[in-house]
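Quick notes on the structure that follows.
No hydrogens, no waters, no symmetry mates; every other heavy atom, side chains included, goes into these values. Both counts, for ligands and for their atoms, begin at 1 and track the order of listing.
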Amino acid sequence: MQNTQVILKSRPVGMAETHNFEWQSAEIPALQVGQFLVKNEYISIDPAIRGWMNAGTTYIPGIELGAVVRAFAVGEVIESKNSDFPAGVFVEGLLGAQAYAISNGQTGIHIVDAQAAPLSAYLGILGMPGMTAYFGLLDKGQPQAGETVLISGAGGIIGSLVGQIAKIKGCRVVGIAGGDKKRDFLLKIGFDAVIDYKNEDLHSRLQEICPEGVHIFFDNVGGQILDTALLHLARGARVVICGAISQYNDMTNIYGIKNYMKILTARGSLSGIIVFDYLTRYPEGKQALSQWLQNGQIQNQEHLIQGIEQFSQALKMLFTGENLGKLLIKI
Ligand SMILES: NC(=O)c1ccc[n+]([C@@H]2O[C@H](COP(=O)([O-])OP(=O)(O)OC[C@H]3O[C@@H](n4cnc5c(N)ncnc54)[C@H](OP(=O)(O)O)[C@@H]3O)[C@@H](O)[C@H]2O)c1
């Protein structure tokens, strides 16, 4: 049987482009004892993939040149020599950007219940992005009813979930996102206000919408948006640094934050979150998010792209803002 794999051919300078990847067709080797073969159904397109394409180690090592591009995926075990992962079960984890994956189950592969939720949900709301939103907001942000929560990158999966969780906790929620489509979507799912940073002046809109300041700033974007948001912190504000997508394409020239003194005068705090630190608490996050999803208190927005050959184009969409919600490739 043949596999189709997306291989890292060269390291991008700036935006990752099609020429940085190679689509390889390879014979699937026979399974060794302890291994199982997964037929991937969905591949998760995450901003982190762009960071992993750089040389060196951040919180995990970069992808080696010539290796399958690291990506979360979900699929069915179709052949197995591992009794913990028998044929017929569905699994999620870092299975790679490929049609089939061989695993020994030792690298963060989890069995998922395909009856309880659509498979794709395990890459979004019930997967790593959902856990990031849940623990990032609740553990780092510590939201209190009546507080104002500002979220950048609000139209993505993490931003849209953070906003909806903050509403459940009784907060007022303001999103920052580009364009009318994202604004309409965010207002529809309960955001109180949305600032279109591509067409509106962020600073003056924050003065109008948040005259008392912002109690939590959940930042997915970094750079100038973070710098401007800092000026609007309320006393005791918490800034949660979840991501910095505006910087990922040029990590050698990171935007220098000028307004950090506002953290001092606001008696604020700033903390980073890495979702993998919460692995042991994932069951708590999954339980809460599944419950809210079932109750209709949270909507799970997905953006599906068909075909592994679209991998490079799909990754680019995260940086041009073409995606709405969780970006996935259906194989
Ligand atoms: N800390 C952790 O453990 C952890 C885990 C997972 C993800 N993350 C981070 O969380 C963030 C959100 O992830 P996600 O999966 O939900 O992705 P996402 O929000 O769907 O990311 C793509 C969105 O980012 C916005 N964007 C891209 N470039 C931008 C720029 N230069 N300026 C402003 N906005 C820009 C675009 O929306 P617009 O149309 O609004 O521009 C785009 O649709 C990312 O930074 C990611 O790296 C962190």
Side-chain angles (χ1 to χ4, degrees), residues 14-16 43-54 58-60 70-72 94 123-125 127-137 139-141 150-165 174-186 191 194-200 202 217-229 239-251 253-255 270-279 281-282 285 300-305 314-328:
M15 190 93 85
I43 295 174
S44 179
I45 306 296
D46 291 294
I49 295 173
R50 174 62 189 85
W52 297 336
M53 291 172 75
N54 293 332
T58 48
Y59 57 98
I60 48 172
R70 184 184 296 139
F72 285 92
L94 282 169
L123 296 177
I125 185 166
M128 182 275 288
M131 300 307 108
T132 309
Y134 182 87
F135 293 109
L137 179 68
D139 211 56
K140 301 284 182 184
L150 177 69
I151 303 156
S152 64
I157 182 66
I158 293 178
S160 61
L161 290 175
V162 167
Q164 294 179 89
I165 299 169
V174 179
I176 304 171
D180 285 343
K181 195 172 166 194
K182 285 184 180 165
R183 186 203 296 273
D184 293 348
F185 161 69
L186 292 169
F191 277 54
V194 179
I195 302 171
D196 174 359
Y197 77 98
K198 287 184 176 165
N199 297 297
E200 295 178 306
L202 181 59
F217 176 45
F218 193 100
D219 187 27
N220 291 308
V221 167
Q224 213 160 0
I225 287 182
L226 167 60
D227 214 9
T228 303
V239 178
V240 181
I241 304 292
C242 175
I245 195 165
S246 68
Q247 307 299 301
Y248 295 168
N249 284 322
D250 189 3
M251 297 287 274
N253 192 23
I254 300 274
Y255 178 95
L270 184 146
S271 55
I273 175 189
I274 292 291
V275 67
F276 302 126
D277 295 346
Y278 291 89
L279 277 173
R281 290 180 61 194
Y282 274 24
N300 180 33
Q301 179 71 24
E302 294 180 342
H303 191 138
L304 274 192
I305 304 289
L315 185 59
K316 216 168 167 175
M317 288 171 75
L318 292 174
F319 295 91
T320 54
E322 285 165 83
N323 69 304
L324 180 63
K326 178 65 214 146
L327 188 59
L328 298 163

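Here D46 pairs with K326 in a salt bridge; the nearest charged N to carboxylate O distance falls below 4.0 Å.
Qualifying side-chain contact (heavy atoms from CB on, under 4.5 Å) partners for D277, counting only residues two or more places apart in sequence or in other chains: I274. Partners of Q301 according to the side-chain hydrogen bond (donor to acceptor under 3.5 Å, both in side chains) rule, which considers only residues two or more places apart in sequence or in another chain, do not exist here. Applying the side-chain contact (heavy atoms from CB on, under 4.5 Å) rule to N249 yields the partners M15, R50, F319; only residues at least two apart in sequence or on another chain are considered.
When L270, V240, V239 are each tested for a side-chain contact (heavy atoms from CB on, under 4.5 Å) with K140, only one passes: V240.
Within 6.0 Å of atom CD in Q224, 12 or fewer heavy atoms from other residues, nucleotides or ligands are found, so the atom counts as exposed in its surroundings.
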As a test of reading the model: which N/O atoms of the protein lie under 3.5 Å from N/O atoms of ligand 1, and at what distance?
from     : atom 1 : to   : atom 2 : distance (Å)
ligand 1 : 1 (N)  : C242 : O      : 2.9
ligand 1 : 1 (N)  : I273 : O      : 2.6
ligand 1 : 3 (O)  : V275 : N      : 2.8
ligand 1 : 10 (O) : N220 : OD1    : 3.4
ligand 1 : 16 (O) : I157 : N      : 3.3
ligand 1 : 16 (O) : I158 : N      : 3.0
ligand 1 : 20 (O) : N323 : ND2    : 2.8
ligand 1 : 34 (N) : Y197 : OH     : 3.2
ligand 1 : 37 (O) : K182 : NZ     : 3.1
ligand 1 : 39 (O) : K182 : NZ     : 2.6
ligand 1 : 40 (O) : G178 : N      : 2.8
ligand 1 : 41 (O) : Y197 : OH     : 2.4
ligand 1 : 43 (O) : K182 : NZ     : 2.9
ligand 1 : 43 (O) : N323 : OD1    : 2.5
ligand 1 : 45 (O) : N220 : O      : 2.9
ligand 1 : 45 (O) : Y248 : OH     : 3.1
ligand 1 : 47 (O) : Y248 : OH     : 2.7

